[in-house]
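To start, the structure itself, in structure tokens.
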Amino acid sequence: MKKRNLILCGLLSMSMAAGSVFPVMATGNGAESQEAADAKTAEKAKEKATEFVQTVTGTTVKTKSGDETESNSESESSVDVQAQDGGTPPQMPDAAAQGEDQSAPDGAPGGAGQPPAGAPGGQSQGVDSYTAVNEFTEDITLDGDALESTGTDENAVLVSGADVNAVLNNVTVSRTSSDSTGGDNSSFYGVGAALLATAGNLYVHGATIDTDASGAAGVFAYGDSTVYVSDSTINTKQDTSGGIHAAGGGTLYAWDLTVSTDGESAAAIRSDRGGGTMVVDGGSYTSNGIGSPAVYCTADISINNADLTAGGSEAVCIEGLNTTRLYDCNLTGNMTDQDQNDCTWNVIVYQSMSGDSEVGNGTFQMVGGTLTAVNGGQFYSTNTECTIILEGVNIIPAAENDFFLRCTGNNNARGWGSAGDNASDCLFTAINQVMEGDVIWDSISNLDFYMTDGSTLTGAFRQDETYAGGSGTGYCNVYVDENSTWTVTGDSTVTALCQAGSIVDPDGQTVSIVGFNGTVYVDGDSDYTITADTYTASADTSNASVASEWAEHQAEKPV
């Protein structure tokens with residue numbers, strides 16, 4: 001894990017430039033900047049939206065027999081869809097190349113590479129082909145059709161042609177099977193999903209999709225495919241059955257969906273090995289199962305103006321070099337307490353070592369909206385580098401608020417790195433943000449905590465060495481700008497304290513600030529004391545993060 005050098009107030013950080021808020025993402029064409037990737041995504045979305053309009057408003061569309069027909073949005077003509085076995089998918093990611101021990105089964109306790117309970121994990125066997133009731137290898141449009149799949153690990157629809165535009169308007173899709181196995185082939189490659197695209201373009205509008213089979217995701221984008229789904233309802237019942245899902249580099253755009261999942265490992269918005277891109281605008285997404293976050297992120301995911309609820313899990317889970325951005329969303333998590341976990345959290349940024357995501361900086365950004373924790377603490381980072389950005393979020397803590405932010409190692413019960421060497425390296429930025437609860441850190445972790453633009457924190461900074469495995473060289477640097485306030489609720493320990501704003505106790509009394517060597521920097525009236533290795537009555541926040549805007553990620557909705 002990268003260790004940022006200890007920086008004192010007013011000195012330039014050698015580890016994180018101000019312009020490098022978001023990590024460089026690995027893509028199928030090599031590494032590229034986030035800015036370039038976002039521009040590429042926007043251009044691609046514009047092109048595909050134009051293709052969609054042409055497809056449904058009068059351009060030539062090919063049926064599966066190869067005949068050409070004239071199609072438009074008012075057409076009532078039907079298309080005969082023939083049952084076929086699935087073809088060959090794009091090349092599968094090489095699980096062995098990840099170089100990690102992936103022996104732990106999906107969702108099982110213990111073992112190396114164990115993700116959160118119910119989260120995807122374990123080694124995939126890979127697939128050579130898919131079985132599908134309807135496979136589209138040429139352009140096609142369906143309107144009002146009823147599509148059904150009852151086979152074992154079978155897709156109701158598979159779009160596999162490289163240049164295909166498959167348009168499904170107002171369809172009803174039923175996917176049921178008591179014999180389907182689910183597991184990694186479903187999570188990684190879309191085996192058994194109701195609607196799967198492995199290449200080409202799939203457009204879904206006004207659909208009703210119901211699944212009751214293990215591994216039966218609602219809509220799945222894999223490989224070189226791009227999926228556009230809007231104004232549809234998706235309900236899944238069984239394990240490893242996400243609502244909308246991307247993996248293996250697939251791209252999925254969603255507008256105004258109503259999604260509900262009931263199984264374990266069944267996030268409403270779900271991604272998995274090989275990553276991809278998901279852009280979600282509007283709608284309601286609810287996961288009810290244990291170990292099923294509202295959002296499970298091993299991809300680049302941006303969500304706007306959506307209601308996101310996890311009834312039996314953390315709200316958001318981000319693994320490795322991946323990003324979740326939320327804009328004006330209502331996000332709620334209700335994780336249960338579990339003996340195998342060191343703590344209970346609402347949002348986690350971590351690395352499970354399962355091989356499901358590249359090791360690197362994970363990013364969680366939330367601008368506006370509401371974040372509610374029903375149980376446990378709010379943010380937890382372990383065994384990874386991470387960036388957390390909060391701007392103007394209404395944060396509602398649990399009744400027993402265990403912590404606001406925890407950046408520590410862990411006991412390795414889940415296989416998350418080696419004990420004593422599985423720390424958090426966290427850059428945290430609060431922008432006009434109200435925060436409540438303690439911040440917990442340890443000596444093997446690095447935490448830069450910025451409070452900017454009128455932010456407030458009511459809580460203490462606590463150093464907890466439970467999982468540090470001995471004395472480390474980590475740090476906790478706190479920056480309070482001139483418009484921000486830290487209300488101290490208990491004795492606190494930090495490395496560097498850079499104070500331009502206000503630091504008081506709940507009664508408004510000045511808090512004493514003393515050095516590790518006994519030097520008195522501020523002689524306060526409060527019963528609380530802050531112990532800091534260094535102290536400066538100014539705060540350089542030039543290395544704080546800046547939130548991106550929704551306009552940088554949104555895509556045009558197909559008509």
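Atom CD of Glu549 has 12 or fewer heavy atoms from other residues, nucleotides or ligands within 6.0 Å. More than 12 non-hydrogen atoms from other residues, nucleotides or ligands lie less than 6.0 angstrom from CG of Asp525. Residue Asn517 places its CG atom among more than 12 non-hydrogen atoms of other residues, nucleotides or ligands, all under 6.0 Å distant.
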For this session: Dump the intermediate steps for side-chain contact (heavy atoms from CB on, under 4.5 Å) on Tyr327 and Ser548, then the final yes or no.
Result: CA-CA 10 Å; Tyr327 303 89; Ser548 68; 2.7 Å; yes
For this session: Carefully, step by step, assess Asn341 and Arg414 under the rule side-chain contact (heavy atoms from CB on, under 4.5 Å).
Result: CA-CA 8 Å; Asn341 295 326; Arg414 306 293 296 275; 2.3 Å; yes
Problem set entry | Working for side-chain contact (heavy atoms from CB on, under 4.5 Å), residues Gln433 and Ile395 | CA-CA 9 Å; Gln433 184 61 58; Ile395 300 179; 3.4 Å; yes
Problem set entry | Verdict with supporting geometry, Val514 and Thr529, side-chain contact (heavy atoms from CB on, under 4.5 Å) | CA-CA 7 Å; Val514 301; Thr529 298; 3.7 Å; yes
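Annotation: side chain of Thr487 is not in contact with side chain of Leu457 (no heavy-atom distance under 4.5 Å). Annotation: side chain of Ile244 is in contact with side chain of Met278 (closest heavy-atom distance under 4.5 Å).
When all heavy atoms of Gly368 and Asp328 are compared, the pair lying nearest together is CA-OD1, 3.8 Å. When all heavy atoms are compared, the tightest approach of Cys426 to Cys407 is CB-SG, 3.7 Å.
When each of His245, Arg273, Arg270 is paired with Ser187, the side-chain hydrogen bond (donor to acceptor under 3.5 Å, both in side chains) condition holds for Arg270 and for no other. Checked options Tyr535, Trp486, Tyr479; the residue passing with Gln499 is Tyr535 (criterion: side-chain hydrogen bond (donor to acceptor under 3.5 Å, both in side chains)). The residue from Thr336, Asp337, Thr344 that alone fulfils the side-chain hydrogen bond (donor to acceptor under 3.5 Å, both in side chains) condition with Asn375 is Asp337. Each of Val478, Leu497, Asp491 was scored for a side-chain contact (heavy atoms from CB on, under 4.5 Å) with Ile530, with one residue passing: Leu497.
Residues Phe404 and Phe428 place their aromatic rings such that the two centres sit under 6.0 Å apart. Ring centroids of Phe379 and Phe403 are separated by 6.0 Å or more, keeping the two rings apart. A ring-centre distance under 6.0 Å is not found for Trp441 and Phe449.
The aromatic rings of Trp416 and Tyr380 are tilted relative to each other, their planes meeting at an angle between 30° and 60°.
For the 3.5 Å distance criterion, the side chains of Gln365 and Thr323 fail to qualify, holding no donor opposite an acceptor. Of the N and O atoms on the side chains of Glu319 and Ser352, at least one donor lies less than 3.5 Å from an acceptor on the other residue.
The backbone N or O of Ser424 lies less than 3.5 Å from no partner atom in the side chain of Thr382, so there is not a single donor-acceptor pair.
Applying the salt bridge (Lys or Arg N to Asp or Glu O under 4.0 Å) test to Asp307 and every residue at least two apart in sequence or in another chain returns nothing.
The list of side chain to side chain donor-acceptor pair (under 3.5 Å) pairs with a residue in residues 394-408, not counting sequence neighbours, reads Arg406-Thr408.
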